[in-house]
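Just so it is clear, the values below take in all heavy atoms, side chains as well, and ignore hydrogens, waters and symmetry mates. Nothing fancy with the numbering, it's 1 onward along the sequence.
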Amino acid sequence: MGSDSDYPTGRGRVRVEAAGIEIEGVSIAGHESFYKVPGFRTLLEFGRAPEDVVGYANVCVTHGHLDHMAGFAHHASRRRLGGLPPARVFVPAEAAGDAAAWLAASERLENVDYGVELVPASPGDRVRLRNDLELRVLPGRHRVPTVGYLFSEVRHKLLAELEGRPGAEIAERRAHGETVTRREEIPLLAYPGDCSAEVFDAAPEIFDARVLLIECSFVLPEDVDRARDYAHIHLDDLAARAARFRNEAIVLTHFSLRYRNEQILEALAGLPDGLRERVIPFLADQALPGRSTY
């Protein structure tokens with residue numbers, strides 16, 4: 001595992017519990033971003049692929065910027081060295097060719113076959129991760145090809161008209177090919193990756209997830225234009241849409257190193273009532289009132 005000495009003070013490893021979902025990783029704009037989601041057995045982004053992410057066989061990459069993807073080949077190589085099965089890596093379909101070429105060059109340099117399953121991801125794609133967990137690809141909005149991801153719990157509930165009926169009758173109906181259940185999706189975690197404010201209209205599904213894991217690279221008023229220029233979220237973008245967030249928890253990440261943690265927390269404290277209480281800053285050993293890291 002990487003040491004916090006690798007990072008500026010207060011900006012290293014973070015672990016939070018957000019509405020029952022554990023998230024651990026590092027997120028520093030332009031430097032490194034990755035998030036382990038152990039409950040889903042999924043890694044979001046590679047960062048530099050430190051030791052403790054190598055065991056993750058499902059990896060969702062939103063875009064090809066190296067602060068998110070630098071550890072791609074390293075992750076594959078370490079799994080091969082450790083005798084682990086090849087990982088399945090989702091990347092934006094538009095970037096899949098370049099990602100495959102990068103992997104092939106690394107394999108030639110090492111004279112090994114990593115065997116990575118590289119999956120081109122396009123908005124609307126759905127992948128079953130478990131019987132009760134589905135991954136859906138969302139549109140992204142950034143300076144390079146980008147997608148987002150939505151993890152949903154899948155339940156199959158008995159049709160209302162069959163509630164209270166004997167189990168034997170329901171089994172018989174099912175045996176005769178009748179539909180006896182309805183599918184229900186419960187959006188758990190939305191992660192749009194690096195994004196501009198355009199993502200709120202491109203992927204409105206993110207407002208309904210139990211937890212929204214979203215960047216907020218810029219927080220001070222003088223950096224509004226900078227956020228627009230680099231296609232990142234500014235805190236003002238969140239405040240302006242305060243009424244739209246139906247999420248139980250909103251984990252804000254990817255803060256610029258232009259700011260001290262104290263500046264970030266002070267800016268977040270100015271968010272509108274009703275939104276501020278649900279915000280969890282992804283900062284080491286820092287929290288807004290009512291929230292805590294662990």
Side-chain angles (χ1 to χ4, degrees), residues 18-23 33-46 53 56-64 68-69 72 75 85-100 103 115-142 144-159 174 177 179-195 198-215 244-251:
I21 297 175
E22 297 178 14
I23 304 169
S33 285
F34 69 89
Y35 312 92
K36 301 189 299 182
V37 189
F40 301 160
R41 298 182 181 177
T42 298
L43 177 68
L44 304 173
E45 321 288 20
F46 284 106
V53 309
Y56 281 80
N58 281 316
V59 187
C60 295
V61 175
T62 60
H63 66 292
H68 292 246
M69 204 177 178
F72 176 36
H75 182 273
R88 175 171 56 171
V89 180
F90 299 89
V91 298
E94 294 175 75
D98 288 338
L103 205 63
V116 170
E117 180 186 355
L118 193 63
V119 182
S122 298
D125 290 351
R126 292 175 179 263
V127 179
R128 179 179 289 187
L129 299 179
R130 299 191 311 242
N131 286 337
D132 64 343
L133 185 67
E134 182 176 85
L135 174 68
R136 180 150 60 101
V137 182
L138 302 177
R141 289 294 184 272
H142 196 40
V144 296
T146 304
V147 296
Y149 298 97
L150 175 65
F151 297 84
S152 296
E153 180 182 355
V154 177
R155 296 178 180 175
H156 295 279
K157 304 192 72 172
L158 191 67
L159 293 176
R174 182 185 289 112
T179 299
V180 298
T181 61
R182 59 182 173 83
R183 176 186 169 93
E184 183 179 80
E185 294 181 21
I186 302 171
L188 299 179
L189 175 68
Y191 173 58
D194 285 8
C195 52
E198 294 177 359
V199 80
F200 295 120
D201 293 323
E205 300 95 329
I206 66 178
F207 289 112
D208 291 310
R210 181 189 299 171
V211 177
L212 174 58
L213 178 68
I214 188 168
E215 68 133 292
R244 297 183 65 185
F245 293 96
R246 294 175 289 276
N247 319 91
E248 291 183 32
I250 302 157
V251 182

(Q) Checking Met69 against Val89 for the side-chain contact (heavy atoms from CB on, under 4.5 Å) test, could you report, in this order, the C-alpha distance in whole Å, the side-chain angles of both residues, the deciding distance, and whether it holds? (A) CA-CA 11 Å; Met69 204 177 178; Val89 180; 5.6 Å; no
What is the minimum heavy-atom distance between [X] and [Y], and which atoms define it?
X      : Y      : result
Ala202 : Pro139 : O-CG, 3.5 Å
Asn247 : Ala209 : ND2-O, 2.8 Å
Pro192 : Leu213 : CD-O, 3.3 Å
Val211 : Ala18  : CG2-O, 3.2 Å
Ser33  : Glu45  : O-CB, 3.3 Å
Val61  : Pro92  : O-CD, 3.5 Å

[X] side, atom [atom1]; [Y] side, atom [atom2] - distance, nearest 0.5 Å:
X      : Y      : atom1 : atom2 : value
Arg141 : Asp201 : CZ    : CG    : 9.0 Å
Leu135 : Phe40  : CG    : CZ    : 10.0 Å
Arg210 : Leu188 : CZ    : CG    : 5.0 Å
Leu44  : Leu189 : CG    : CG    : 6.5 Å

(Q) Looking at Glu94, I want to see if its CD is surrounded by more than 12 non-hydrogen atoms of other residues, nucleotides or ligands under 6.0 Å. (A) no
Q: Give a yes or no on whether Arg244 atom CZ has more than 12 heavy-atom contacts from other residues, nucleotides or ligands under 6.0 Å away.
A: yes
Close side-chain approach of [X] and [Y], heavy atoms under 4.5 Å:
X      : Y      : answer
Cys195 : Ile214 : yes
Val53  : Phe46  : no
Glu248 : Ile21  : no
Ser122 : Val137 : no

Q. Checking side-chain contact (heavy atoms from CB on, under 4.5 Å) for the pair Phe72/Val91: CA distance, chi angles, key distance, verdict?
A. CA-CA 11 Å; Phe72 176 36; Val91 298; 5.6 Å; no
**Q.** Candidate pair Phe207 and Leu212, rule side-chain contact (heavy atoms from CB on, under 4.5 Å), full reasoning
**A.** CA-CA 7 Å; Phe207 289 112; Leu212 174 58; 5.6 Å; no
Q. Between Val147 and Phe90, does a side-chain contact (heavy atoms from CB on, under 4.5 Å) hold up when you go through it step by step?
A. CA-CA 10 Å; Val147 296; Phe90 299 89; over 6 Å; no
Q) Does any N or O in the side chain of Glu22 come within less than 3.5 Å of the main-chain N or O of Gly39, such that one atom is a donor and the other an acceptor? A) no
Q) Is there a donor-acceptor pair under 3.5 Å between the side chain of His63 and the backbone N or O of His68? A) no
Q. Is the Phe151-Tyr191 ring centre distance short of 6.0 angstrom?
A. no
